[in-house]
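Report on the structure given below.
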Amino acid sequence: MEWKVIRRRHDTNLVTCSLCLRVRRGSAWIEPEDVITALRSYELESPPNLLPGVCDDCADAIFDRRARPEETVAA
């Protein structure tokens, strides 16, 4: 069986949420499995470049936690 290797395309710089690993595609955050399937990244000559980011859902969760009053923690 001969494997066909696809050369790197220009769309393989992927902004990835550092917390939940979803990938930004256009204006949406997509599950990584869906992006891997769509790009067929397993056939690329080299893996995509992952650029750090934080998705809207994770950013909202962080801001919500920071907005809550601090709780006293007993030792």
Side-chain angles (χ1 to χ4, degrees):
M1 176 189 263
E2 186 176 318
W3 292 96
K4 181 180 177 183
V5 176
I6 300 172
R7 297 201 184 279
R8 179 180 293 278
R9 294 183 296 226
H10 69 284
D11 62 349
T12 56
N13 288 331
L14 305 175
V15 176
T16 307
C17 179
S18 299
L19 301 172
C20 69
L21 304 180
R22 287 187 289 173
V23 179
R24 186 168 185 96
R25 301 298 287 164
S27 62
W29 289 91
I30 310 296
E31 293 300 322
E33 299 86 6
D34 298 333
V35 175
I36 291 168
T37 303
L39 290 178
R40 298 174 62 105
S41 60
Y42 45 85
E43 292 181 352
L44 294 174
E45 193 172 75
S46 58
N49 294 325
L50 301 179
L51 305 173
V54 178
C55 73
D56 301 329
D57 292 342
C58 289
D60 289 343
I62 291 169
F63 291 133
D64 287 345
R65 277 195 306 271
R66 288 182 178 176
R68 284 189 231 142
E70 291 189 32
E71 299 175 13
T72 305
V73 179

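Residues: numbered from 1 along the sequence shown.
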In short, Arg22 meets Pro32 closest at the heavy-atom pair CA-CD, 4.2 Å

Should we count CZ of Phe63 as having more than 12 external heavy atoms under 6.0 Å? no

Starting from Val23, can I reach Leu39 by hopping between I/L/V/M/F/W/Y residues whose side chains sit under 4.5 Å apart? yes

Point-to-point distance, once rounded to the nearest 0.5 Å, from SG of Cys17 to CG of Leu50: 12.0 Å

Atom pair CG/CG of Leu19 and Asp57 - distance to nearest 0.5 Å: 11.0 Å

Contacts of type side chain to side chain contact (heavy atoms under 4.5 Å, CB included), residue Asp56, not counting sequence neighbours: Trp29

State which residues pass side chain to side chain contact (heavy atoms under 4.5 Å, CB included) with Asp34; sequence neighbours excluded, sorted by chain then number. Ile30, Glu31

Distance (rounded to the nearest 0.5 Å) between Asn49 CG and Leu14 CG: 8.0 Å

For Thr16 and Leu21, the nearest pair of non-hydrogen atoms, with its separation, is CG2-O, 3.6 Å

